[in-house]
2 protein chains.
Amino acid sequence: MARRRQAVTIKHVAADAGVSLQTVSRVINDEPNVRSAMKARVQASIDKLGYVPSIAARRMSGSRSYLILAINDRDRTIADWTARQGTDWVDQMLLGGMLKCAEYGYRLIFELVDTHSDHVERELRATIAALQPDGVILTPPHSDNPLIVRLLERQRIPFARIGSRGGGAGIALVMDDESMARHATRHLIDLGHRRIAFIAGSSEYPLSQWRVDGWESEMRAAGLPTAGLVARGDFTYESGAAATRQLLGHPDRPSAIIASNDQMALAALEVARELGIEIPSQLSLVSFDNTPIVRFTQPTLTAVDQPVAETVSRAVEMIIKAQRGEKLPPQPVIVAGGFVERESTSAPAHG
Amino acid sequence: MARRRQAVTIKHVAADAGVSLQTVSRVINDEPNVRSAMKARVQASIDKLGYVPSIAARRMSGSRSYLILAINDRDRTIADWTARQGTDWVDQMLLGGMLKCAEYGYRLIFELVDTHSDHVERELRATIAALQPDGVILTPPHSDNPLIVRLLERQRIPFARIGSRGGGAGIALVMDDESMARHATRHLIDLGHRRIAFIAGSSEYPLSQWRVDGWESEMRAAGLPTAGLVARGDFTYESGAAATRQLLGHPDRPSAIIASNDQMALAALEVARELGIEIPSQLSLVSFDNTPIVRFTQPTLTAVDQPVAETVSRAVEMIIKAQRGEKLPPQPVIVAGGFVERESTSAPAHG
DNA sequence: ATGAAAGCGCTAACAC
DNA sequence: GTGTTAGCGCTTTCAT
């Protein structure tokens, strides 16, 4: 194999501009102590030759790598990709992360890491050693993994923990699950609903409880009952179906249901259909996450929008700031979600 | 900011094992001329210290970077991510590409490049200079961009061209669009359909024509008419709706329609509903691509499965082989697609 | 404000 | 088989 060398290096630029390597280095890193005339001359050579610094060489010399690593759980991600159920978590991560990285001249590298194995640490350490990223973005369930957090802390790499309320090192960011749940509940209350049920998600994820809390507090504030109105699922379709059957089997059945994610909402839709309950005229349905599928069901689903892209974008920003030693805002950073009204919600039948 | 150095380097391993750097290098690269006892000793030190070679240093020394770059069109990708219509092209690319890369100790880096701008070349050159990947995977419409192909050829980087039949340098891979279209057509013929219409895609993409060709040749082979049975769309929902109206407005309307992608199939579904034509009893519908949405429509759509993951996986494999100087199979490599029967196809009403 | 020299971690080339 | 040397492209000292 032919060895590939850098086509244009800092040497070529220095020679072309008739200055030292160091001066070129100063220009490309936008450092002080370069006269503007000099700077212009060097920049002209850079443009002329089409010079781009090598990340490898930069990293070698002990400087930044301009790489930010985004870590996702391997099993779950591969399962989602294979199932092709329309989950676009990864896409939204890339959307938020890559674009923000590009703004700062960084690059996002997406990696899968196996959470559940006992060698998480080794795996992550290997990835870091190989890539030497300037920062790491953790997503659930890694965000609260003490092994990972400790490792990153020891390596002194700035890292963001998405979906974590903090405690320990790292930059904690959460999407505002509680407010989003409150918003959804408020929407239904405003439509005239009083018996609003909630299908909770897996208790493995802290956000499941945050969502329940939001619903509960809004119900309380409106003086509405919550007893018997929670069913616990685990984010799967099957669990959503079971939860819905439980809720709709109730003698005084709810006129509205909020499901903690889209898969469970989909199940609720199907169960309602089976039972001959029409949506939205006889039952309103709100779903969580706003993944693509909610646009294609019939009726389309009113949904809470999980601000994944925005959150990752903020994470990137904060990592870069942290790396530069800038001051960070108080944490956890709370990212506001959205709410999209579609066809699955309306005033209750006998409001 | 504290400068981060590699925690464990080849030096530490060499010292620990009591050998030279070069011997360690030989072991980690699995090169010949190391006695197995020596190799074991070095490996023990590597494991003990948790050593992982630095990609940057490897690249610096003129060797491989173990990075493979996958390039997608920026505008289109961002539009897809933002629209959240369930397109999982990127996910499938990552699925096929990352897993195959991991098998060989490589890493896939996903990048966006702006096709339509006149500085494609500069942009791509910059990315290559920064990352120095060992290979590049091109997707449409980049695969047939002569500027890009020439650039990569000159840089002597192995590259794959997905969706290109070849001509010029690089490894050409296509999904077997023609066969897939034939398969879909055959499925409908076997069900008893005789008037089978086809909604073609944008002529900007060569695969649009390949799909038409497959349908046409299968129809011919079965002695069935094709005149007046093609409507041209451009892969958008709107164009699909217009095409469907045109086809169903025909006095002797088709009993089945094949749409060149899922968005247009979705439109066909909606138009049929508007016209009071029931699917599948009065009209069979087959869609192309098998993106997530076809699982959620009502009825669910029988669809041709575009083997994106498999194709990217093959591309990675061939790039690595090419880089090692191994012989490659004849091209274009043709990757077989799949076919998934769901609810939208059945025997025609008056068959 | 600019330049020169040293070194980052690794591998290719060559010596032994 | 194994060790030694040089150098990759860049940034960090430290001079000037």
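Quick caveat, the model's predicted, so the values are computed rather than measured. Just so we're on the same page: letters track the sequence lines, and every chain starts at 1.
Across the protein-nucleic acid pair, Arg41(B) atom CZ and dG1(D) atom C1' stand 13 Å apart, rounded to whole Å. Distance Ile46(A) CD1 to dC10(D) C1': 13 Å, rounded to the nearest Å. The CG atom of Asp134(A) sits 14 Å away from the C1' atom of dT11(D) (whole-angstrom rounding). Following rounding to the nearest Å, Leu21(B) (CG) and dA6(D) (P) show an atom-to-atom distance of 14 Å. Rounded to whole angstrom, the span from the CD atom of Gln22(A) across to the P atom of dT16(D) amounts to 16 Å. We find that CZ of Arg64(A) is positioned 14 Å from C1' of dT12(D), with the value rounded to whole Å. Rounding to whole angstrom units, CG of residue Asn33(A) and C1' of dG3(C) are separated by 13 Å. Put simply, CZ on Arg59(A) is 11 Å from C1' on dG9(C), counting in whole angstrom units.
Candidate nucleotides dT2(D), dG3(C), dA12(C) were compared by shortest atom distance to the side chain of Val19(A), and dG3(C) ranks first. Nearest nucleotide to the Ser20(A) side chain, out of dG3(C), dT2(D), dC10(C): dG3(C). When each of dC8(D), dC8(C), dG1(D) is scored by its nearest atom to the side-chain atoms of Lys11(B), the top-ranked nucleotide is dC8(C).
Distances shown here put every side-chain N or O of Thr9(A) at or beyond 4.0 Å from the OP1 or OP2 atom of dC8(D). For the OP1/OP2 pair of dT11(D) and a distance below 4.0 Å, the side-chain nitrogens and oxygens of Tyr66(A) include no atom meeting the criterion. Using a 4.0 Å cut-off, some side-chain N or O of Arg58(A) falls inside it from OP1 or OP2 of dT11(D). Between dT11(D) and Asn29(A), a contact under 4.0 Å exists linking OP1 or OP2 to a side-chain N or O. For Ser25(A), a side-chain nitrogen or oxygen approaches OP1 or OP2 of dT11(D) to under 4.0 Å. Residue Ser54(B) has no polar side-chain atom (N or O) positioned under 4.0 Å from OP1 or OP2 of dC8(C). Between Ser61(A) and dC10(D), a side-chain N or O to OP1/OP2 separation shorter than 4.0 Å is absent.
The residues Lys39(B) and Glu31(B) are annotated as not salt-bridged, no charged nitrogen and carboxylate oxygen being separated by less than 4.0 angstrom. A salt bridge between Arg150(B) and Glu121(B) is absent, with no side-chain N of the basic residue lying under 4.0 Å from a carboxylate O of the acidic one.
Of the N and O atoms on the side chains of Arg58(B) and Asn29(B), at least one donor lies less than 3.5 Å from an acceptor on the other residue.
Across Glu111(A) and Met98(B), no two heavy atoms sit closer than the pair CA-CE, 4.0 Å. For the pair Asp91(B) and Thr87(B), the tightest heavy-atom approach, listed with the atom from each and the gap, is OD1-O, 4.4 Å.
Counting any heavy atom pair closer than 4.0 Å across all strands shown, Pro32(B) reaches no nucleic acid atom. The residue Ile28(A) sits close only to the backbone: its heavy atoms come under 4.0 Å of sugar-phosphate atoms, none of a base. Using a 4.0 Å heavy-atom distance criterion, Val24(B) is classed as making no nucleic acid contact.
Between the base of dG3(C) and the side chain of Arg26(A) there is a donor-acceptor pair shorter than 3.5 Å.
The 5' end of DNA chain D is approached more closely, in terms of each residue's nearest nucleotide, by Ser36(B) than by the other of Ser36(B) and Ala57(B).
The neighbour count for Arg122(B) CZ, taken as heavy atoms of other residues, nucleotides or ligands under 6.0 Å away, does not exceed 12.
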